[in-house]
Amino acid sequence: MAKDLEISNIEKKFIFDLLASSQRLDGRKSLLEQRNLNIVITPNKFGDIYIEYKRLDGSIATRLHCKVTSEVVKPKAQRPFEGTFFINCEFNGLAGLNFENYKVGSNSDEFYYGRLIESMILRSNALDLEQLCIIAGLKVWNIRVDVHVLEFDGGFLELASIGCMTSLLHYRRPDVTVRNEKVTVHSFDEKEGVKLGVLHIPIALQFNLFQLKETAEIIKSNSSIENNELVALDCTLKEDLLKDGEFIIALNKNREIVQLNKPGGLPIAALKLIQFAHMALPIIEEITSKMLKAIEIDERQRNKYGHLLSAENDRYAG
Amino acid sequence: MSYSKYSILENHDGSCELSTQNSKVIVGISGPLEPKQRHRLPLQSAIEVIIKPSSGLGPTTREVLMQDKLATVLQAVIVTELYPRKLIQVNAQILESPFDEFGSMNGNTFNEITSSMIDLNSCFNSSFISLCDASIALKSSFVSSLLAITEENSSKLINLANVSDLDTLRSYNFKSLHLVVLEIEENKPTNILLLDSKGDFNDDDLVKVLDAAQQNTSAEFKNIRSLFKEKLSQDFIWKK
Amino acid sequence: MSVSEDSKNLIIPGDILACERDNQTVDIIGQGIYLSFENHLYNNNKLYPTHVGIENYTTKNNKVIATLDYNSKRYIPQQGDYVIATVTNNYSTHFLCTLNNFSSTVTLPYANFPQATKKNRPKYENGDLVYCRVKTVDTDLPAELECMDSETGNKDGFGLLEQEKSKHTAVLDCSLAYARELLFNDKGFPLLSDMVKKNLSFEVAIGVNGKIWISTASLLETLCVYKILSKCEKSNRDSILQIIEETVTEYVKE
């Protein structure tokens with residue numbers, strides 16, 4: 001819709017006052033507390049994942065659906081040895097009436113976040129594209145991830161990056177055999193699927209900045225510009241509308257920065273950058289282990305009878 | 001039988017996630033809203049339907065065709081004259097479709113038709129529940145059923161929403177497919193709101209299909225009635 | 001009337017209403033029931049249910065009123081309703097307001113304020129909340145609001161919902177039936193009086209467009225009232241006292 005969400009002055013002030021006293025409207029008691037992350041893997045399918053933020057009362061705040069599909073295509077002429085990879089991530093009317101249904105302007109917020117996720121995963125080589133080659137120059141796999149926003153109450157960047165990476169980790173493409181340039185794609189009944197080569201797991205985290213005092217007020221009172229901000233993680237939609245700036249950092253658990261983004265807004269002290277990176281690291285490690293655990297549990301359920309068929313000998317220690 | 005969850009989207013007035021044995025859609029409906037200029041009709045409400053495919057950008061021509069069919073039925077059922085110069089927005093996202101995996105089309109062109117009809121069938125049933133959830137005025141109820149006649153044995157009718165085994169579904173060779181949307185008045189299926197048939201069939205087949213559709217409609221409507229009973233007690237939970 | 005498991009009363013569009021079945025005359029039709037004009041010439045118009053709800057007949061001043069009780073989120077203006085409107089724009093003669101996000105805008109003319117003159121116009125900013133009443137509803141025009149009792153010309157409690165310096169205010173969105181119940185049925189649904197009994201002091205204004213304005217002396221008390229009101233919408237009546245107790249100890253520790 002062309003119209004924006006309208007939020008009254010009273011509501012604005014209330015939400016801001018709550019933030020200033022470390023309270024959140026949804027019941028969280030800290031600015032750095034995230035909502036409960038929940039990963040639901042669809043059984044009997046590969047790379048089909050629902051990822052949601054749940055509020056304290058158990059209702060779903062934000063919910064995304066990530067789905068990986070693959071097909072055999074001709075590679076790009078410049079890169080004959082590499083498969084292709086796309087992420088399709090857009091908001092539509094289902095996520096909220098404030099989102100336009102037919103193509104949005106390229107400078108709108110949701111468009112920008114979609115691009116951010118794409119560049120974070122595509123350009124950091126999170127996915128090994130060479131593994132996707134079947135016959136050089138002729139046939140390669142094309143992998144695409146579709147991210148559907150089903151319910152939206154903030155926290156898109158985190159969820160989208162977690163969802164994309166979980167579905168890529170979970171997905172299995174059909175196995176192929178090549179004989180005399182003839183390619184046979186095997187169904188899952190004939191041959192086990194092949195996992196994708198995920199090289200590292202980048203996860204984005206958004207720090208939202210709120211200005212405590214107006215700039216004019218600070219200049220008047222001659223106090224320092226520093227520490228004039230509140231930093232909050234995982235903002236709801238209404239909090240998001242009030243924020244004065246943001247800082248986006250994507251890390252992997254190898255302690256590497258994959259992406260940094262500070263698109264204008266409230267200025268922060270340069271050294272805060274390192275502080276933010278340190279703050280993000282334990283959070284990202286926790287999320288990564290949660291992801292891997294969800295996949296492991298799913299694997300175990302799929303392989304319920306695996307141990308019966310195993311030829312491995314029991315080994316006894318000592 | 002299908003399974004549905006209602007009122008799951010907070011950003012919409014009404015919503016429903018409906019899963020059949022082989023497909024899953026989520027529909028969010030809001031209205032009456034302030035329309036844009038192009039949607040403004042002087043005497044009745046405009047209905048905007050958007051269906052998003054389960055993978056890839058959309059709506060493509062496949063979805064646009066589905067949108068049109070859904071919109072014509074909604075136009076007939078919604079009391080549009082109650083909301084002049086307003087907009088009712090219907091957003092559907094297909095989440096699971098039996099033919100969206102690689103190679104599942106088996107090179108069979110009929111599968112493409114089957115796939116879009118399965119999606120459309122779920123969209124119909126899910127949007128009815130969403131409309132009621134959104135409290136948009138309706139003239140009557142409707143239920144959609146998708147029936148197929150298989151080639152091997154033309155007397156055999158299959159309700160496609162009940163086929164849970166995807167491999168069986170993909171390997172069927174259908175003689176014809178029929179999407180029937182029936183209006184329900186006083187608990188009984190009455191008028192045909194939409195009949196969309198593909199393939200090769202004669203009038204005897206069609207009569208059989210309509211008979212089966214009536215039975216299916218009655219059975220599904222019983223489910224919907226008990227669903228609404230539960231919904232009302234949830235809506236007024238603070239009254240108890 | 002309470003909503004029971006009794007499915008006799010459950011009405012789905014397409015069903016036949018009891019008054020139609022029994023050929024009972026209805027003098028006033030309320031929400032959820034539609035008088036079809038299809039057979040206008042033949043004078044055998046029929047009443048149709050248009051929503052999923054509970055059939056309800058009441059008699060007032062010897063007139064039978066038929067309604068269908070249902071709950072919804074989006075408000076459609078009805079004459080005489082008390083609403084909380086958000087000012088979105090102002091023009092030379094009127095304010096433009098919204099009652100729900102993305103719904104059609106409604107107007108609040110400057111003339112509909114007490115002691116209105118050409119020079120004495122209220123100064124509201126965009127985003128301010130105003131407690132007012134729906135004056136007229138016309139199918140071809142935007143609905144019109146008023147900020148006074150148009151018969152007496154008194155202010156009657158209408159007007160800006162202010163943000164006083166010493167007070168903390170908030171607005172809660174809720175479903176329409178819940179707002180109506182809170183506003184009109186305090187005896188049958190004593191949530192607000194129960195809260196007062198628990199030593200919470202607060203001010204509320206309830207708009208039937210699903211908005212509740214809350215004002216208390218401290219931020220945590222406001223949050224507490226906000227939480228109680230939103231939790232009670234989703235739980236049944238027996239647990240109200242427990243919810244109040246729990247929320248008060250959580251937020252307003254002595």
Is the closest side-chain heavy-atom distance between [X] and [Y] below 4.5 Å?
X	Y	value
A:Glu6	C:Phe102	no
C:Val171	A:Phe14	no
A:Asp17	C:His168	yes
C:Leu220	A:Gln23	yes
C:Asp128	A:Ser8	no
A:Leu97	C:Asn101	no

Using non-hydrogen atoms only, which part of [X] is less than 4.5 Å away from chain A: side chain, backbone, both, or neither?
X	value
C:Ser230	neither
C:Leu129	side chain
C:Thr86	side chain

Quick check: are there more than 12 heavy atoms from other residues, nucleotides or ligands sitting under 6.0 Å from [atom1] of [X]?
X	atom1	answer
C:Asp238	CG	yes
A:Leu271	CG	no
A:Glu286	CD	no

Interchain contact, A:Lys29 with chain C, by part (heavy-atom threshold 4.5 Å): side chain

Structural part of A:Leu25 lying under 4.5 Å from a heavy atom of chain C: both

Polar side-chain atom of A:Asn9 near backbone of C:Asn126 as donor-acceptor pair, under 3.5 Å: yes

Partner chain A: residue of C:Thr222, C:Val87, C:Leu172, C:Thr169 with the largest heavy-atom pair count (under 4.5 Å): C:Thr169

Between NZ on residue C:Lys231 and CG on residue A:Asp57, distance to nearest 0.5 Å: 8.0 Å

